[in-house]
S.K.: 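Next up is a structure, given as structure tokens.
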Amino acid sequence: MKNRRKPLPSPTGERFIGGRPARAGAGSLHGMVVERLGFLIASGEFKAGDVLPNADELSARLGVGRSVLREGLKVLSGKGMIEARPKTGTRVRPRSEWNHLDPDLLAWRYASPDPEDVASIFDLRRAIEPAAAALCAKRATPQQIAEIEAVLQEMEATADDSDRFAAPDLAFHQALLRYTGNELIASLASVVEMALLISFRLSDDNYGGQRHSMPQHRAVLERIEARDEEGARLAVIDLLNNAEADVRRVLERRGKRAARSQKAGA
């Protein structure tokens, strides 16, 4: 009797981030193909240059038909992760060619983040948000500033509940982009949404919730209200520095817990 191949594992990353599904359509068959193969590629199970198993083998291992597999592979190709070559099969493309801001790819990559991943996501935020806050201080209308104030009040009301806090926190940071008076920058609000949600989620088991971050958020709004462009920029930098420190402390605690569990099970 031939040995039966072990089915491909399901992703171990969170299926929901910030209260929202990590992938629309993840419950469909082709969505399952995207989820499993995408996670395996992002986690390094299949490395750049590797040739994926042929269609018959992948279909059998995933328990789907070839047409479903083909649809899933098209999605991964659109994300820049794989490419089909005549006669040589489907290969994993170099990481430099992936669409790293794709929401799915972000979710797979940050399922088990390391310090380098944390640095990357906060580098992205520092490249965008401080400049946006400065423009917001210069151009936001009184009505828009009032809307930011309303969001900040919702954050204060939910600061002890990380799950409920995530939605107004996201709205606060997106408002900084949307109220710059620049449509190109405003469009980044949706582009970086998953990156923001992931950075929030990485710090969600801070002791005492997020109340400690409220003075930094309040300082950003105060500088915007004062039309202090440089002050708003610096206030966001201070906020992001503290947020990154929170995330690193959380990851350090998780690492220590994992080490203790591994030692106890040895």
Side-chain angles (χ1 to χ4, degrees), residues 11-23 34-35 37-50 76 78-82 92-134 162 166 169-170 172-174 176-177 184-206 210 213 216-217 220 233-256 258:
T12 58
E14 292 179 345
R15 294 185 62 81
F16 290 85
I17 296 179
R20 299 184 53 199
R23 249 184 48 73
V34 173
E35 191 87 357
L37 284 181
F39 180 80
L40 290 172
I41 294 169
S43 64
E45 183 76 17
F46 293 119
K47 297 179 173 56
D50 284 354
L76 292 175
K79 299 177 187 299
M81 300 179 76
I82 60 174
V92 178
R93 300 179 70 186
R95 290 178 66 92
S96 60
E97 298 177 13
W98 297 0
N99 178 9
H100 287 282
L101 284 179
D102 178 270
D104 292 344
L105 213 163
L106 281 167
W108 298 326
R109 177 176 175 179
Y110 287 92
S112 299
D114 59 28
E116 185 176 339
D117 289 328
V118 171
S120 294
I121 208 164
F122 278 96
D123 282 348
L124 170 67
R125 295 186 64 183
R126 287 191 190 91
I128 297 173
E129 293 182 66
S162 293
D169 197 6
L170 174 64
F172 179 92
H173 289 273
Q174 287 187 317
L176 300 182
L177 302 175
L184 295 177
I185 296 175
S187 69
L188 293 175
S190 59
V191 173
V192 301
E193 178 176 349
M194 183 59 78
L196 289 169
L197 286 171
I198 287 172
S199 63
F200 301 158
R201 179 60 70 189
L202 288 175
S203 62
D204 71 355
D205 65 353
N206 269 298
Q210 293 294 329
S213 73
Q216 286 88 37
H217 285 90
V220 173
R233 186 184 72 82
L234 293 175
V236 170
I237 291 175
D238 182 57
L239 172 60
L240 294 177
N241 287 344
N242 281 280
E244 182 174 7
D246 281 349
V247 170
R248 291 186 181 278
R249 281 192 292 270
V250 167
L251 293 183
E252 183 178 357
R253 285 202 301 269
R254 291 179 184 176
K256 289 179 178 178

S.K.: Take a 6.0 Å sphere around CD of Glu97 and say whether it holds more than 12 heavy atoms from other residues, nucleotides or ligands.
M.R.: yes
S.K.: If the threshold is 4.0 Å, N to carboxylate O, is there a salt bridge linking Arg126 and Glu244?
M.R.: yes
S.K.: Just so I know, are the side chains of Glu129 and Leu196 near enough to count as touching, which here means a heavy-atom distance under 4.5 Å?
M.R.: yes
S.K.: Would you name the heavy atoms of Ala48 and Pro94 that are closest together and state the gap between them?
M.R.: CB-CA, 3.8 Å
S.K.: State, to 0.1 Å, how close Phe122 and Ser199 come at their nearest heavy-atom pair, and which atoms those are.
M.R.: CZ-CB, 4.1 Å
S.K.: Is Lys256 reaching over with its side chain to a backbone N or O of Arg253, donor-acceptor style, under 3.5 angstrom?
M.R.: no
S.K.: To the nearest 0.5 Å, what is the distance between CZ on Arg125 and CG on Leu239?
M.R.: 7.0 Å
S.K.: Please round to the nearest 0.5 Å and tell me the distance separating atom CH2 of Trp108 and atom CG of Leu105.
M.R.: 6.0 Å
S.K.: Sequence neighbours excluded, which residues qualify as side chain to side chain contact (heavy atoms under 4.5 Å, CB included) partners of Ser120?
M.R.: Arg109, Tyr110
S.K.: Please report the interatomic distance CG(Leu251) to CG(Asp246), rounded to the nearest 0.5 Å.
M.R.: 11.0 Å
S.K.: Evaluate the ring planes of His173 and His217, with Trp represented by its six-membered ring, and classify them as parallel (under 30°), tilted (30 to 60°) or perpendicular (over 60°).
M.R.: perpendicular
S.K.: Minimum heavy-atom separation for Pro130 and Val236, please, with both atom names.
M.R.: N-CG1, 3.8 Å
S.K.: Output yes when a side-chain donor or acceptor of Asn242 lies under 3.5 Å from a complementary backbone atom of Asp238, and no otherwise.
M.R.: yes
S.K.: Let me confirm one number: the CG-CG distance from Leu106 to Asp117, rounded to the nearest 0.5 Å.
M.R.: 10.0 Å
S.K.: Atom CZ in Phe39, atom CG in Leu37: separation rounded to 0.5 Å?
M.R.: 12.0 Å
S.K.: Hey, are the side chains of Leu101 and Leu124 touching, using non-hydrogen atoms and a 4.5 Å cut-off?
M.R.: yes
S.K.: Treating Gln174 as the side-chain partner and Ala189 as the backbone partner, does any N or O pair qualify as donor plus acceptor under 3.5 Å?
M.R.: yes
S.K.: Does the pair Val247 and Ile121 meet the rule for a side chain to side chain contact (heavy atoms under 4.5 Å, CB included), with working shown?
M.R.: CA-CA 11 Å; Val247 170; Ile121 208 164; over 6 Å; no
S.K.: Would you mind reporting whether Lys79 and Asp104 have side-chain heavy atoms less than 4.5 Å apart?
M.R.: yes
S.K.: Find the distance between CD1 (Ile82) and CG (Asp50) and round it off to the nearest 0.5 Å.
M.R.: 12.5 Å
S.K.: Check Ser190 against Ser187 and note the closest heavy-atom contact, atom names and distance.
M.R.: OG-O, 3.3 Å
S.K.: Could you report the tightest heavy-atom contact between Trp98 and Val92, atom names first, then the distance?
M.R.: CZ2-CG1, 4.1 Å
S.K.: So which heavy atom on Ala134 is nearest to which on Arg233, and how close?
M.R.: CB-CB, 4.3 Å
